[in-house]
> 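Have a look at the structure that comes next, please.
Reckoned from all heavy atoms, side chains included, excluding hydrogens, waters and symmetry mates. As the structure is a prediction and not an experimental result, all values here were calculated from the model.
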Amino acid sequence: MEKVRNVLVIGGNRYVGKRLIAQLRDAGHRVTVLNRGSAPPPAGVEHLVADRDDERSLTEALGSRVFDAVVDQVCYTPRQAALARRVLTGRTGRYVMTSTVEVYEYEDSPALVREEAVVPSTVSVDLELPWDEPAFREAHYGEGKRQAEAVLAADGPAFPYTAVRVAHVLGGDDDFTGRLAHYAERIRTGEPIAVPVVNRPATYIHVEEIAGFLAWAAGEEFTGPVNAASHGTLSTEELCAAVAAHVTGGRAVFRPVEVGEVSPFSFRRSYGMDNTRATRLGHTFGDARQWLPRAVAETLGKAG
């Protein structure tokens, strides 16, 4: 068995986080979960209650605890990253931030994008922006993650970290986004699915696969950003074909639009990530086309 690690997971109430916690626990690691107490963690893990945005609350909840690794599932802004760095420096041998493909929102490359397309140390940070306002934070999701990475990179080796840039996540019966359900409803009713005239593919990852990647990353020693995506890209048409196969008599009808809102997972620009770095570091990814039918079945249920 691999070395037993003492891991803190910040957040983790739902979806990816709860699977990460279960995988770490089932592998025999000591797991502590810190959140605001809105939902209890699974059996077999320690539970700390604190507001991660309140430095005093976070410090008091942690007490004298130290960890081999911290996986932060709910770091969305540079302020949150700065607070985490202050509180956790000297408490952990490794900090893993769950970042996002959205850090590449200004890239538009037909080739899969590598990590060096966004170098955190070159990103400007503005802590005075209204990061505490939910609407602002949601509208600037990619920028918040990008600046959070920049804060973590500022100290160099003084705070060993990695930022896992996560592809679009699919699968699970608890997918709360409603995106595949959106497709299923339109396919069921025959309503057209709005897509860009030029509709770009994207990379994806299964919910169990990204939970496993985060658990793996917590035990490694590499630092800096790393892309996490299954092999292969998927187009809107491929996603809808998988959904249509799950809906009796289903057939997708597309309506290309020049401007205006389009359906989920339809992109006017490329959102494909190159996973070469993670592969070379020793992680094995699945193939998106192979797990897609299972992901659709999990999310939509037997009835479709």
Side-chain angles (χ1 to χ4, degrees), residues 12-23 26 39 42 73 98 100-102 112 141 165-215 227-257 260-273 275 284-304:
N13 282 348
R14 61 180 183 175
Y15 206 41
V16 175
K18 71 179 187 181
R19 288 170 172 82
L20 166 64
I21 292 164
Q23 288 191 28
D26 294 348
Q73 288 285 93
T98 302
T100 174
V101 64
E102 299 294 337
L112 298 180
Y141 178 70
R165 295 172 177 172
V166 182
H168 303 289
V169 181
L170 294 173
D173 61 1
D174 54 342
D175 178 356
F176 59 90
T177 66
R179 291 169 176 173
L180 291 185
H182 168 95
Y183 287 146
E185 179 62 22
R186 275 156 177 74
I187 290 169
R188 188 179 295 112
T189 61
E191 293 182 70
I193 296 166
V195 295
V197 173
V198 179
N199 191 17
R200 305 293 188 184
T203 42
Y204 293 82
I205 193 164
H206 190 273
V207 62
E208 295 287 352
E209 186 173 25
I210 187 55
F213 184 90
L214 291 166
N227 293 337
S230 297
H231 295 302
T233 60
L234 297 172
S235 66
T236 309
E237 289 78 9
E238 287 174 297
L239 288 171
C240 288
V243 173
H246 197 70
V247 175
T248 302
R251 185 174 70 87
V253 178
F254 298 100
R255 178 170 58 87
V257 295
E261 188 174 354
V262 295
S263 66
F265 299 137
S266 297
F267 305 109
R268 291 185 169 90
R269 52 163 302 275
S270 297
Y271 265 105
M273 293 195 300
N275 62 16
T284 301
F285 290 103
D287 185 284
R289 288 184 177 84
Q290 292 183 357
W291 57 250
L292 178 59
R294 172 167 62 95
V296 170
E298 291 168 351
T299 301
L300 299 181
K302 292 182 179 180

> Contact between P264 and T177 at the side-chain level, heavy atoms closer than 4.5 Å - yes or no?
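No, too far: nothing below the 4.5 Å cut-off.
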> Give, for atom CD1 of I210 and atom CZ of R19, the distance between the pair rounded to the nearest 0.5 Å.
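Here the rounded value is 12.5 Å.
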> How long is the gap from CH2 on W291 to CG on L170, to the nearest 0.5 Å?
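The CH2 atom of W291 sits 4.5 Å away from the CG atom of L170.
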> Would you confirm whether N199, through its side chain, and S266, through its main-chain N or O, come within 3.5 Å as a donor-acceptor pair?
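Pair absent, no side-chain N/O of N199 close to backbone of S266.
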> So, taking the atom named CD in Q290 and the one named NE2 in H231, what distance separates them when rounded to the nearest 0.5 Å?
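Reported value, rounded in 0.5 Å steps: 10.0 Å.
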> Taking the side chain from T299 and the backbone from D173, do they hold a donor-acceptor pair closer than 3.5 Å?
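Not at all, since once roles are kept as given, no pair shorter than 3.5 Å links the two residues.
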> My understanding is that only one of V169, L239, T233 makes a side-chain contact (heavy atoms from CB on, under 4.5 Å) with Y204; could you say which?
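Running side-chain contact (heavy atoms from CB on, under 4.5 Å) over V169, L239, T233 with Y204 returns exactly one hit, L239.
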> Side chains of R251 and V253: closer than 4.5 Å at any heavy-atom pair?
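When only atoms from C-beta onward are counted, V253 and R251 do touch, with a gap below 4.5 Å.
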> Tell me whether E102 contacts the main-chain N or O of Y141 through its side chain, where contact means a donor paired with an acceptor under 3.5 Å.
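Checking the backbone N and O of Y141 against the side chain of E102, no donor-acceptor pair under 3.5 Å is found.
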> Applying side-chain contact (heavy atoms from CB on, under 4.5 Å), run through V166 and F213 and close with a yes or a no.
CA-CA 10 Å; V166 182; F213 184 90; over 6 Å; no
> Walk me through it: do V207 and D175 pass the test side-chain contact (heavy atoms from CB on, under 4.5 Å)?
CA-CA 9 Å; V207 62; D175 178 356; over 6 Å; no
> Nearest 0.5 Å please: distance from the CZ atom of F267 over to the CZ atom of R200.
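The CZ atom of R200 is 13.0 Å from CZ of F267, to the nearest 0.5 Å.
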> Please round to the nearest 0.5 Å and tell me the distance separating atom CD of Q23 and atom CG of L214.
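Reported to 0.5 Å precision, the distance equals 9.0 Å.
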> How many angstroms lie between atom OG1 of T203 and atom NE2 of H168, to the nearest 0.5 angstrom?
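Spacing of OG1 (T203) from NE2 (H168) equals 6.5 Å.
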> Considering non-hydrogen atoms only, spot the tightest contact between A244 and G250 and give its length.
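Smallest heavy-atom distance, with atoms named: CB-O, 3.9 Å.
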> So is R269 actually on top of Y271's ring, under 6.0 Å and inside 45° of the axis?
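Checked: cation-pi criterion met.
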> Do R268 and V198 have side-chain heavy atoms sitting under 4.5 Å apart?
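They are not in contact (no side-chain heavy atoms under 4.5 Å apart), so the answer is no.
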